[in-house]
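Below: one structure, written as structure tokens.
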Amino acid sequence: MSTLKVVSSKLAAEIDKELMGPQIGFTLQQLMELAGFSVAQAVCRQFPLKGKTEAERGKHVFVIVGPGNNGGDGLVCARHLKLFGYNPIVYYPKRSERTEFYKQLVHQLNFFKVPVLSQDEGNWLDYLKPEKTLCIVDAIFGFSYKPPMREPFKGIVEELCKLQDRIPIVSVDVPTGWDVDKGPISQPAINPAVLVSLTVPKPCSTYIREKHTAHYVGGRFIPRDFANKYGFEPFGYESTDQILKL
Ligand SMILES: NC(=O)C1=CN([C@@H]2O[C@H](COP(=O)(O)OP(=O)(O)OC[C@H]3O[C@@H](n4cnc5c(N)ncnc54)[C@H](OP(=O)(O)O)[C@@H]3O)[C@@H](O)[C@H]2O)[C@@H](O)CC1
Ligand SMILES: [K+]
């Protein structure tokens with residue numbers, strides 16, 4: 001196991017609560033924008049378009065979006081990827097009714113002409129082909145996932161597991177299906193090629209196969225004294241970067 005500094009799911013939830021509490025006053029929308037922006041930067045860093053053939057550049061980044069805030073990060077990420085010159089397509093099988101904000105994120109994707117597939121529309125399996133898709137962004141579940149996995153996500157994650165050795169998967173914050181603290185203790189569970197931990201890595205990140213998975217931290221939104229209060233040092237982000245490879 002690595003010596004990486006991590007915070008438990010409980011502490012991660014407390015950090016979130018304090019950041020969005022009355023004293024600090026971040027809004028969820030602000031943090032989600034920075035989180036999704038970080039994930040888009042990690043995709044660029046890991047899969048640069050520079051020097052690629054036109055056919056390679058035209059491939060999709062297939063962003064699979066879950067029903068909670070992890071999914072929201074995916075919706076934001078898709079919009080930034082489009083601005084960065086990628087060809088994202090979003091699969092959003094269970095739309096969040098939590099707040100109006102999710103609908104607004106979808107409107108923004110429409111504005112950017114990023115297709116958003118629903119569960120009953122289009123054959124999403126078509127995008128699980130290496131000749132069509134550069135990588136998959138797993139924005140299905142993050143730190144609030146509790147097994148066992150329910151449909152339609154169980155079937156989706158089972159399909160992803162079949163092809164994850166052929167198309168790289170970029171997991172947002174927590175690989176979908178993993179226990180936030182204990183890692184891949186139940187099935188189905190994704191084995192990502194890239195993990196982008198947000199704010200600070202969760203304990204499950206110590207279970208990634210280090211040679212197989214590139215690990216980034218993103219979500220650059222806390223000052224040193226706040227990090228120290230929660231028992232970790234801030235990450236050494238360079239210049240204007242929103243991500244740091246660990
Ligand atoms: N400061 C930061 O770092 C920030 C972090 N952010 C991001 O937020 C993420 C955490 O978001 P979150 O709390 O909304 O939870 P998330 O993991 O998306 O899942 C909840 C949804 O999943 C569902 N669900 C659960 N279990 C299920 C099952 N077995 N089978 C099926 N469904 C299941 C559950 O449904 P319910 O059980 O409530 O019906 C609910 O709809 C975090 O990881 C990071 O990515 C940023 O956006 C902001 C700044
Ligand atoms: K995820």
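Below, all heavy atoms of this structure are taken into account, side chains as well, without hydrogens, waters or symmetry copies. Just follow the structure's listing: the first ligand is 1, and inside any ligand the first atom is 1.
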* Asked: Under 3.4 Å from the K ion (ligand 2), is there an N/O/S atom belonging to G66?
  -> no
* Residue D138, metal the K ion (ligand 2), N/O/S under 3.4 Å -> yes
* Metal site the K ion (ligand 2): N/O/S of S171 inside 3.4 Å -> no
* To do: Could you say whether the N/O atoms of P148 and ligand 1 ever approach to under 3.5 Å?
  => yes
* Asked: Non-hydrogen atoms of V174 versus ligand 1: any pair closer than 4.0 Å?
  -> no
* Structure fact -> Taking every heavy atom of G25 against every heavy atom of Q30, the minimum-distance pair comes out as O-OE1, 4.2 Å
* Would you call the rings of Y145 and F141 parallel, tilted or perpendicular, where under 30° means parallel and over 60° means perpendicular? -> parallel
* To do: Check R45, Q46, Q41, Q242 against Y216 for a side chain to side chain donor-acceptor pair (under 3.5 Å) and give me the one that passes.
  => Q46
* Of all the atoms in G142, is at least one N, O or S atom closer to the K ion (ligand 2) than 3.4 Å? -> no
* Structure fact -> Closest non-hydrogen atoms of Y86 and V61, given as atom of the first, atom of the second and distance, are CD2-CG2, 3.9 Å
* K182 (side chain) donor-acceptor with V180 (main chain) under 3.5 angstrom -> no
* Asked: Taking the K ion (ligand 2) as the vertex, what is the angle from O of F141 to O of V174, given to 10 degrees?
  -> 80°
